[in-house]
Amino acid sequence: MRPSIDFNCDVGESFGPWRMGQDDALLPFASSANIACGMHAGDPMVIQHTIGLCQQHGVAIGAHPGLPDLQGFGRRTLHMSATEIHAFVLYQVSALAGMARASGAEVQHVKPHGALYHMANEQAEVAAAITDAIRDVSPTLKVYAQAQSRFAQIAQQRGLCVIEEAFAERRYEADGRLTPRDHPDAVIHDVDLAAQQVGQLLAGDGLLARTGERLRLRADTICLHGDRPDALEFARHLRQAIEAAGWRVAAP
């Protein structure tokens, strides 16, 4: 049997009349989805529609909680206590889980968004607050965390199933962190280069850091950001590249 890898996309990030992404066309190429929960993006109507799309295409549903920062799309670091972070994550995951259940579906995983994701990698108390909130909703929820990160380690220590993640179209620093988005080379804009990075990951060759160092990363899932204007082209091309390399795309 062919080996399998998950291909996850961030979706459900439209808000009111403001449209972001091409979720209807993108989701058929994914095996799991991270749905914005209304704090950094998304609203109840968008959430409900996106859950329906996941059901239609057999895509695993995940909660994508972020910091309460619609204007900054959840990518600005906010100074919040661990108690506040726990409450905000608990609220968002619970809301998505309830809406999914009302539609006859279940949330399979949780992946923090944007600045919250990076805060969990850098601050143990933030990682603990997030994982405790997830566990309070359900200890069977999987956690998507950056491969070899502090967040992944803490989630595992607290008894949660961790799905380690690598990124198709983001650059890495030599220490394994993602290149900050304010750096001009943080995002890969060439779909062939993104496919090459995914190919290196699947082959076990490691990823090349932005400055040339080789990173030995193993991942269970590969992420594509659904908010980029060319996300559909990337999704189609990357799915083809994964399958051409002999891998099956499937949720964990």
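Computed over heavy atoms, backbone and side chain alike; hydrogens, waters and symmetry mates excluded.
Scored by the side chain to side chain donor-acceptor pair (under 3.5 Å) test, Glu164 finds Arg218 as partners (sequence neighbours excluded). For Asp192, the salt bridge (charged side-chain N to carboxylate O under 4.0 Å, His left out) test picks out no residue, with sequence neighbours left out.
His113 places a side-chain N or O within 3.5 Å of a backbone atom of Phe73 that can act as its donor or acceptor partner. Within the 3.5 Å criterion, the main-chain N or O of Ala128 finds a donor-acceptor partner in the side chain of Thr131. The backbone N or O of Ala174 lies less than 3.5 Å from no partner atom in the side chain of Arg177, so there is not a single donor-acceptor pair. With Glu84 contributing its side chain and Ser81 its backbone, the two residues share a donor-acceptor pair below 3.5 Å.
A salt bridge is defined here as a Lys NZ or Arg NE, NH1 or NH2 lying under 4.0 Å from an Asp or Glu carboxylate O, and Arg75 with Asp69 fails to meet this definition. Between Glu243 and Arg248 there is no salt bridge, since none of the side-chain N atoms of the basic residue sits less than 4.0 Å from a carboxylate O of the acidic one. Taking the charged nitrogens against the carboxylate oxygens, Arg210 and Asp185 have no contact shorter than 4.0 Å, which rules out a salt bridge.
At least one side-chain heavy atom of Val46 sits less than 4.5 Å from a side-chain heavy atom of Arg19. Put simply, the side chain of Pro65 does not reach to within 4.5 Å of the side chain of Met39, judged on heavy atoms.
Surrounding CD of Glu122 are more than 12 heavy atoms belonging to other residues, nucleotides or ligands, all under 6.0 Å away.
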side-chain hydrogen bond (donor to acceptor under 3.5 Å, both in side chains) between Glu213 and Thr211, intermediate numbers included: CA-CA 6 Å; Glu213 297 84 358; Thr211 47; 2.4 Å; yes
Intermediate values then yes/no, side-chain hydrogen bond (donor to acceptor under 3.5 Å, both in side chains), Asp230 and His189: CA-CA 9 Å; Asp230 53 2; His189 296 290; 5.6 Å; no
Stepwise side-chain hydrogen bond (donor to acceptor under 3.5 Å, both in side chains) check, Ser138 with Thr140: CA-CA 5 Å; Ser138 173; Thr140 64; 2.8 Å; yes
side-chain hydrogen bond (donor to acceptor under 3.5 Å, both in side chains) between Asn8 and Ser32, intermediate numbers included: CA-CA 5 Å; Asn8 79 81; Ser32 65; 4.9 Å; no
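Between the CH2 atom in Trp18 and the CG atom in Asp43 there is a gap of 11.0 Å [rounded to 0.5 Å]. The distance from the CE atom of Met20 to the OG atom of Ser14 is 7.5 Å, given to the nearest 0.5 Å. For the atom pair CD1 (Ile154) and CD (Glu125), the distance works out to 8.5 Å, reported to the nearest 0.5 Å. Glu169 CD to Ile188 CD1: the interatomic distance, rounded to the nearest 0.5 Å, is 7.5 Å. The distance from atom NE2 of His183 to atom CZ of Arg171, rounded to the nearest 0.5 Å, is 10.5 Å. One finds the SG atom of Cys223 at 4.5 Å from the CD atom of Glu165 (value rounded to the nearest 0.5 Å).
Classification of the Tyr172-Phe167 ring pair by plane angle, with boundaries at 30° and 60°, yields tilted. Using cut-offs of 30° and 60° on the angle between ring planes, the pair Tyr144 and His109 is parallel.
Taking all atoms of both residues into account, the shortest heavy-atom contact from Ala30 to Val59 is O-CG2, 3.5 Å. Closest of all the heavy-atom pairs between Gly12 and Ala36 is O-CB, 3.4 Å.
His40 pairs with exactly one of His64, Gln71, Arg76 by the side-chain contact (heavy atoms from CB on, under 4.5 Å) rule, that one being His64.
Put simply, Trp247 and Val198 are part of the same group of oily side chains (I, L, V, M, F, W, Y) that touch within less than 4.5 Å, one to the next.
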